[in-house]
Amino acid sequence: MLAPGSTNVSLRTVSSSRPQLQRTESQQSAAASDDYYSFSDRTSSSRSPSGGSRATVVRYATPNSHPASRTSSPAISRTHLAAPPMASRSDQSVGISNQSRNAPSPASSAMRQVQNRPIHASPMSNSSSRQMPRDSYAGPPPTPGLDDSPYIHFAIGQLTRDQEVRGLSRHDSIASEDLPPAERLVWDDRLGCFVRPSEPEKSSPAQRPSPRSSPRQQPPSPQHSSPKPTRDTILPPNSVDPETYAAVDPPEDSLLYPPLDYVPIVLRPWALSAIIICCLLMIAGIAFCNAWAQKHQGLWNYNGQGGGRYFVVQFLPQILAAIITIWTFAIQAALYRTMPFAIMGSERPLGHVLQKLSTIPRNFLLPDLSHFRHGEPLVGFALLTVWLSNIITIPLLSCFFQAKWYVIDGEGVWRWTSVMSVGWTLIAVYGLLVVGLLLLTFRFLNTWSGLMWDPVCLADLISIIQRSNVLRDFEQSETVPNVGETLDPRVLRLGYWQLPHHEEVFYGVGEVDAPIGNPSLHLIEKNRAKQYQGLSKVSFDLEQQTTMGKGEFDENLFSPSVRYRWTPWFLRGTFILAWTVTICALFIAFVLVSFIHDAIKGGFPPRLPTLPSTGAFSSSNFLYSFIPALIGNVLFLAWQPIDVYFRALQPFVGLSRPEGASAEQSLLLAYSSCLPFQVTVMAVLNKHYKVAWISFMAVASAAIPILAGGVFLAMWYPSHEEIRIAALMPAFYALVVFCGLYTISFFAIWPRRCRYLPHDISTLADQMSFLYQSPLLADKLLREPRSKADLVTRLVIAPPGDREFPTYGFGIFVGRDGKEHLGIDRFHRPGRADMLITTGSMK
């Protein structure tokens, strides 16, 4: 039996005739490693059923393994075989009764092998040690009437493990590696010993363990399974099935469990119907112009450059098309951030939604077909039609109206008319867009999205994943270049859950019939407080971190080449330099060619036939309207990914400040969901001037294709007695100004170090890799909010007992497992060292 009042058990010497255990004070917190399992209230008492204290179980590793032991585990032990300390009155020891001293057994063979092995000093003990005589100890007799065999079985099982012996990476912090789920210990009252809970085998054979995901439980071998341990057979303790997630339907009409059918405003049927009506009006207007011009020889008389009629036919169509285009940007943003959750809410068997479906819009210059691959053909077709309309409608509308010579009542007159071929093409493009938007409306009509509110910020993601059972797969994923490659495909569900033998119903993302995987997220507050004890000794020392022995993951945490490794490819230094030089060169050439010798003001030869056909198509007018508008439209669409990523990265910029940032400037920041000019105003108020300017240019750059498509027109010059391409000079000057602003803006997009991250943030898995060990997931203040207003209120008020409002940061912190991680947490937590943020010191 274990002596009362002891706190830890450490093996000192082993004798074949008298196994011995000796107690030493451990400096490691029970919450600092996954080797220590958080027990329930019933088992967390300081006394064992027999009256003695139950010491924390610590694992021991031996250099070699006995044949009767279990198969070798690839896991690395975090504890070492301790050397015996010098005899002192303060040392307490516990004798283990000798079982079957004369009978040969695998256990006695294992004990004799261990007897004369060299013993390594444990770094967790601060007392000096020496070898003690083998038979110098006479421990107390076994407790009468109590079976000690489970404890002997457990001790022998730990002695015969074949694991490497490894030291701690740092003296002042506890940096241990996670054990497989099968190696964690829980107390079994029926057996009276600690047992290892078995985890059910995954049903999908395609799932393979990845280097960065936690090891999976393997099916037990026949020789290791036994209904009950006996004195004659040395077997591991019996396993207990872990609790698994079970999908449930919430009670109806309950305020505590709101329906999971939220859809962003721009995706609701009435909002989609509004843009569909706008597209139908465009179709009706184009069809009317074609029919009227063909029947009445044009639309109305041409009265020269400038004026109201010139504006209506040369600039107004592009402006209307640009409004629809910007509207579709808002629809795309809502689709991208909602669809991963909507797919999980629909419970379809798709295993790559978490790591391969982007939450950041990509459907600008090139079409994004990823939704077809993830079982969403309606959404994929809608995005394809949106991309086609955004690419072609503005350039086509810029050359839709032309001036043509008509003979009416014996008199010749120039009249504005529509180009038939261009008009019918526009009708086809807008018709496809209407079909796509209608399919999108059907997709979100009475849908079960799985959402309580719009997931627009990091705080929303925290509330969704805080009790997820897939977080264990993200182990050490915050420093890998590609998080998606380290995760196995999983069929996930977003909704309400319940654990067996628990009445509580909770909300989040999880895998059906999978183990909890994160017991600390489901503990009651009393046990969670015990779990976090002892972490106040953690401190950060860069110099020590670089000199102490440590693994690859620990090195990556403090490596600048990992911390500042990633930014979007088009925002990397080489590409930004290339973009800036190219745009500047093109702008300078454009200005020089336009103003030297009044080349634009005096007109220039068209070099192409100008005479319109019967359908009013003119080669020169089409070329000098369509091509400039297309170039301007490419510039306009090319700026959108820059704007999207600057909006998405701004919360991390605030979190990377050396002193941290408030929740409003970080976790609650939702620029990605704001409307075009709304984000500009909000960014100015928040003093995020770079985001404000880039977002302003994302809308203002639409003026380039609008002006470029209507500024040129073929006209008859009597002085030269020929047809020349003339420009409307006020519009041309405005075009030069907007092109200059566009060029200068490239000097503002150079990302500073605070916008660099270890990896991409475009998928849910990428963002979860920075949160999977964050104490924010177990924070009582953020526990299960039931509305967005509830979540915001909790984040903007000071926690109970604190006078100051909390700040949050992105850096190195102590996670829920007691180890150091890179990600998002509160900058300061009582009893712990502040988060280490290197952005301010490594510019």
Side-chain angles (χ1 to χ4, degrees), residues 169 175 177 210-213 354-356 358-360 362 458 461 473-487 540 542-543 545-546 550-580 641-642 644-658 660-661 666 672 690-691 694 749-774 808-813 815 819-825 835-843:
S169 62
E177 298 179 5
S210 60
R212 295 294 179 183
S213 60
L354 203 66
Q355 60 265 45
K356 291 189 177 181
S358 176
T359 60
I360 297 178
R362 294 178 174 177
L458 292 172
L461 182 61
D473 288 353
F474 289 86
E475 184 63 31
Q476 300 184 2
S477 62
E478 61 263 44
T479 59
V480 299
N482 192 323
V483 178
E485 293 179 355
T486 66
L487 299 179
F540 298 100
L542 277 175
E543 182 178 358
Q545 183 70 20
T546 57
K550 53 188 179 295
E552 180 182 357
F553 174 70
D554 299 318
E555 294 177 353
N556 290 340
L557 283 180
F558 292 87
S559 173
S561 61
V562 173
R563 169 61 181 85
Y564 306 103
R565 172 172 51 202
W566 175 88
T567 193
W569 67 269
F570 49 83
L571 292 182
R572 295 173 187 170
T574 304
F575 288 97
I576 291 182
L577 184 62
W579 306 147
T580 305
I642 300 175
V644 163
Y645 269 94
F646 266 84
R647 293 195 203 183
L649 287 171
Q650 187 58 40
F652 292 91
V653 174
L655 292 168
S656 299
R657 295 172 57 187
S666 55
S672 298
K690 181 174 289 190
V691 175
I694 292 174
I749 68 173
W750 200 290
R752 297 177 57 193
R753 204 175 187 89
C754 58
R755 297 187 188 273
Y756 280 80
L757 295 172
H759 55 69
D760 197 359
I761 58 168
S762 61
T763 66
L764 290 178
D766 294 331
Q767 300 175 40
M768 290 170 62
S769 68
F770 296 135
L771 291 166
Y772 74 98
Q773 280 295 345
S774 174
Y808 303 86
F810 180 85
I812 300 173
F813 63 92
K819 299 182 293 185
E820 292 172 352
H821 291 274
L822 178 63
I824 301 170
D825 189 24
M835 176 182 287
L836 177 62
I837 299 178
T838 59
T839 309
S841 58
M842 298 182 181
K843 294 183 179 179

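Between the side chains of Tyr645 and Thr567, no donor-acceptor pair of N or O atoms lies under 3.5 Å.
Across Leu577 and Trp750, no two heavy atoms sit closer than the pair N-CZ3, 4.1 Å. The two residues Leu649 and Pro568 have their closest heavy-atom pair at CD1-CD, 4.5 Å. Between Ser774 and Ile824, the shortest heavy-atom contact is OG-O, 2.6 Å. Across all non-hydrogen atoms, the minimal contact from Leu458 to Pro651 is CD1-CB, 4.2 Å. His759 approaches Asp766 most closely through the heavy-atom pair CE1-O, 3.2 Å. Residues Phe558 and Leu836 approach most closely at CE2-CD2, 3.5 Å, considering heavy atoms.
Rounding to the nearest 0.5 Å places CD1 of Ile360 at 11.5 Å from CZ of Arg647. Rounded to the nearest 0.5 Å, atoms CG (Asn482) and CG (Asp760) are 8.0 Å apart.
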Could you walk me through whether Leu571 and Ile642 satisfy the side chain to side chain contact (heavy atoms under 4.5 Å, CB included) test, starting with their C-alpha distance in whole Å, then the side-chain angles of each, then the deciding distance to 0.1 Å, before giving a yes or no? CA-CA 8 Å; Leu571 292 182; Ile642 300 175; 4.3 Å; yes
Check step by step if side chain to side chain contact (heavy atoms under 4.5 Å, CB included) holds for Gln773 and Glu478. CA-CA 10 Å; Gln773 280 295 345; Glu478 61 263 44; over 6 Å; no
Quick one: do Arg755 and Ser656 satisfy side-chain hydrogen bond (donor to acceptor under 3.5 Å, both in side chains)? Show the steps, please. CA-CA 8 Å; Arg755 297 187 188 273; Ser656 299; over 6 Å; no
If you apply the rule side-chain hydrogen bond (donor to acceptor under 3.5 Å, both in side chains), what do you find for Ser559 with Asn556, and how did you get there? CA-CA 5 Å; Ser559 173; Asn556 290 340; 5.3 Å; no
Between Leu354 and Thr763, is the side chain to side chain contact (heavy atoms under 4.5 Å, CB included) condition met? List the steps. CA-CA 7 Å; Leu354 203 66; Thr763 66; over 6 Å; no
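For the side chain to side chain contact (heavy atoms under 4.5 Å, CB included) with Phe474, the lone residue among Leu771, Leu487, Val480, Thr486 that qualifies is Leu487.
Using a 4.5 Å heavy-atom threshold, the side chains of Tyr564 and Leu757 count as separate. A 4.5 Å side-chain heavy-atom check between Arg753 and Pro560 finds at least one atom pair inside the cut-off. Residues Pro758 and Trp566 are not in side-chain contact: their nearest non-hydrogen atoms beyond the backbone lie 4.5 Å or more apart. Looking at Gln650 and Ser666, their side chains never come closer than 4.5 Å, going by heavy atoms from C-beta outward. At a threshold of 4.5 Å between non-hydrogen side-chain atoms, the residues Phe646 and Ile749 count as touching. Residues Asp825 and Met835 form a side-chain contact, since some pair of their non-hydrogen atoms from C-beta on lies under 4.5 Å apart. Two residues are said to be in side-chain contact when any heavy atoms from C-beta on lie closer than 4.5 Å; Val483 and Gln355 fail this criterion. Between Val644 and Ser672, every side-chain heavy-atom pair lies at or beyond the 4.5 Å cut-off.
Although no hydrogens or angles enter the test, the distance criterion places a donor-acceptor pair under 3.5 Å between the side chain of Arg563 and the main chain of Tyr756. Put simply, the side chain of Gln767 gets close to the backbone of Ile761: a donor and an acceptor are under 3.5 Å apart. Remark: the backbone N or O of Ser358 is not paired with any side-chain donor or acceptor of Ser762 at under 3.5 angstrom.
His821 and Phe813 have tilted rings, their planes meeting at an angle from 30° to 60° on a 0 to 90° scale. Taking the six-membered ring where tryptophan is involved, the planes of Phe575 and Trp569 are perpendicular, since the angle between them exceeds 60° and thus also 30°.
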